[in-house]
Amino acid sequence: MPLGNSDIDLYESEDPIWNPALLTIPIPGIRKMVNLAANMEDVIHLSIGQPDLPAPDVVVEASVEALRAGQTGYTMDAGLPELLESLAEYYSERYQRPLTSDNIMVTTGATEALYLALTAVAAPGRHFIVPDPAFMLYAPLIRMNGGEVTEISTRAENHHQLDPQEVIDAIEPHTYAIILNSPSNPTGTLYPRETLEAILEEAAYRGIHVISDEVYDHLIYDGREYPSVLSCCSDLDHVMVVSSFSKTYSMAGMRIGWLIGSQAAIKKLRRYHMFTTTVANTPFQWAGVAALRSGGPFIEQMLSEYTRRRDRLVELVEQTPHLTGYKPEGAFYLFPSLPEGVNGTNVALRLLKETGVCTIPGETFGNSCSNALRLSYSTSLERIEQAFERIIPWMEKQDFD
């Protein structure tokens with residue numbers, strides 16, 4: 001797909017004013033697809049990775065009340081004390097692990113938390129292990145700070161489960177951190193407790209950090225228990241956990257995330273945080289307090305709706321020629337495979353141009369999945385049905401042999 005001038009200027013310029021590290025940042029496949037779709041009519045998006053359900057009333061009302069009460073100044077650098085206390089209480093009860101406010105720092109979304117955690121550890125000569133496919137933020141942030149990345153490939157026929165032995169075998173003398181994301185973006189895969197425990201035990205023995213992205217920790221289906229790193233590790237000395245309100249309470253644009261770690265790590269990262277975004281949005285931190293205290297019914301409603309969508313999407317993928325799927329256990333993504341050797345980017349572009357259905361090509365998320373597509377079911381069941389009324393006939397006409 002042709003790039004606009006702004007894309008070329010931002011990503012490809014060799015002007016000496018720019019830090020050469022910027023060249024390690026890829027042009028986001030999501031941005032390319034959504035930008036192209038913006039110039040088209042009658043597009044159905046299976047591309048957007050944010051909840052389509054409105055935020056709960058209690059969250060909206062708390063935001064408005066905070067604004068009217070004049071809560072528009074800075075909070076403490078670690079976050080609003082009431083939110084820190086609520087998070088500590090919530091996680092302590094959920095995972096039966098005593099936490100205090102000193103173990104937590106509120107950030108401008110999970111993105112800032114990941115940025116702080118990864119760039120504070122990444123440096124030239126340091127090695128990191130990352131699943132493939134994975135959320136597109138991890139490897140570029142490591143590489144732009146001089147770190148080396150080994151990607152552990154997962155496969156659709158194994159529901160993209162991470163093999164802990166492959167992770168352990170990839171550890172080198174200069175390995176500094178292992179990145180985990182469960183449930184996964186883009187696959188919706190939920191790692192079982194035994195996978196986490198095996199990786200955490202080996203990492204602790206070797207003094208390697210585990211950075212766990214747990215943004216989708218409430219989007220868990222079929223009554224499964226969520227095995228957080230917090231419930232599987234022996235201590236927090238080499239663990240950092242990232243999460244946010246974005247997916248759980250449809251608060252993506254409110255930009256409230258957090259990072260959990262040892263008190264020593266949080267103390268150091270608070271100083272770093274002051275030189276990035278300084279503090280997170282104050283009124284929406286109050287909204288987060290309300291969400292933790294009263295948002296339980298919304299989560300139940302959300303899970304019921306997403307379960308219906310997931311089940312139907314799995315059925316539709318099974319009915320679609322040339323697509324091989326599975327049943328994701330979390331998040332709101334399915335990552336079906338096309339036949340081996342088929343270029344998913346070309347298929348995604350043709351699907352968009354010829355059917356008006358926007359998907360995200362697999363290569364956006366790693367090097368091992370160029371024959372995959374990410375499908376998001378954070379859209380209505382009606383729109384999902386309409387999308388496949390276009391996709392299935394189109395796929396029936398393709399010859400990928």
Side-chain angles (χ1 to χ4, degrees), residues 30 46-47 49 51 110 114 129-139 150-168 170 178-200 210-232 241-244 246-248 303 306-307 309-315 317-318 323-338 344 359-378:
I30 296 174
L46 301 181
S47 57
L114 287 166
I129 298 172
V130 178
D132 183 350
F135 181 48
M136 59 188 181
L137 194 69
Y138 312 140
T150 292
E151 294 162 332
I152 306 298
S153 299
T154 62
R155 292 162 287 279
E157 58 267 25
N158 193 31
H159 292 199
H160 289 287
Q161 284 291 339
L162 189 63
D163 184 337
Q165 192 58 52
E166 288 188 30
V167 175
I168 292 168
I178 299 166
I179 315 303
L180 300 176
N181 176 210
S182 173
S184 163
N185 177 5
T187 66
T189 301
L190 178 68
Y191 298 156
R193 179 174 295 274
E194 52 266 31
T195 292
L196 297 181
E197 288 178 342
I199 293 171
L200 286 162
V210 173
I211 300 172
S212 182
D213 179 353
E214 301 187 0
V215 165
Y216 295 92
D217 63 343
H218 283 88
L219 274 68
I220 311 297
Y221 305 114
D222 306 322
R224 288 181 173 84
E225 176 193 358
Y226 178 64
S228 168
V229 161
L230 291 171
S231 65
C232 298
V241 172
V242 169
S243 194
S244 81
S246 295
K247 317 300 182 181
T248 306
L303 283 175
Y306 284 151
T307 299
R309 298 178 186 181
R310 179 205 61 173
D311 292 348
R312 183 57 179 149
L313 180 59
V314 168
E315 291 176 351
V317 167
E318 288 177 352
L323 283 185
T324 301
Y326 54 92
K327 193 172 186 178
E329 299 171 322
F332 40 58
Y333 306 111
L334 179 62
F335 200 66
S337 295
L338 293 153
T359 62
I360 304 301
E363 68 177 4
T364 301
F365 306 98
N367 297 316
S368 69
C369 47
S370 61
N371 67 322
L373 300 172
R374 191 190 76 173
L375 309 178
S376 169
Y377 49 96
S378 62

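Since the model is a prediction, treat every value here as computed from it, not as a measurement. Count residues from 1 along the sequence.
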Heavy atoms, side chains only, cut-off 4.5 Å: are Tyr216 and Leu190 in contact?
no
With a 4.5 Å heavy-atom cut-off, do Ser153 and Glu166 have their side chains touching?
no
Applying side-chain hydrogen bond (donor to acceptor under 3.5 Å, both in side chains), can you list everything that pairs with Asn371, at least two apart in sequence or on another chain?
none
As a test of understanding, state which of Thr187, Leu375, Thr359, Leu313 forms a side chain to side chain contact (heavy atoms under 4.5 Å, CB included) with Pro336.
Leu375
Using the side chain to side chain contact (heavy atoms under 4.5 Å, CB included) definition, which of the options Pro183, Pro131, Pro227 pairs with Tyr191?
Pro131
By salt bridge (Lys or Arg N to Asp or Glu O under 4.0 Å), which residues pair with Asp217, not counting sequence neighbours?
Arg94
Would you confirm whether Arg309, through its side chain, and Tyr377, through its main-chain N or O, come within 3.5 Å as a donor-acceptor pair?
yes
Does a side-chain N-to-carboxylate-O contact under 4.0 Å join Asp163 and Arg155?
no
Test item: Arg310 side-chain N/O and Pro328 main-chain N/O as donor-acceptor pair under 3.5 Å
yes
Aromatic ring proximity, centroids under 6.0 angstrom, Phe335 and Tyr326:
no
Any donor-acceptor pair under 3.5 Å linking the side chain of Tyr221 with the backbone of Ala331?
yes
Are Leu180 and Leu196 side-chain neighbours, meaning at least one heavy-atom pair lies under 4.5 Å?
yes
Taking the side chain as every heavy atom from C-beta outward, state whether Ser337 and Glu157 have any atom pair closer than 4.5 Å.
no
Side-chain donor or acceptor of Ser243 paired with backbone N/O of Glu214 under 3.5 Å
yes
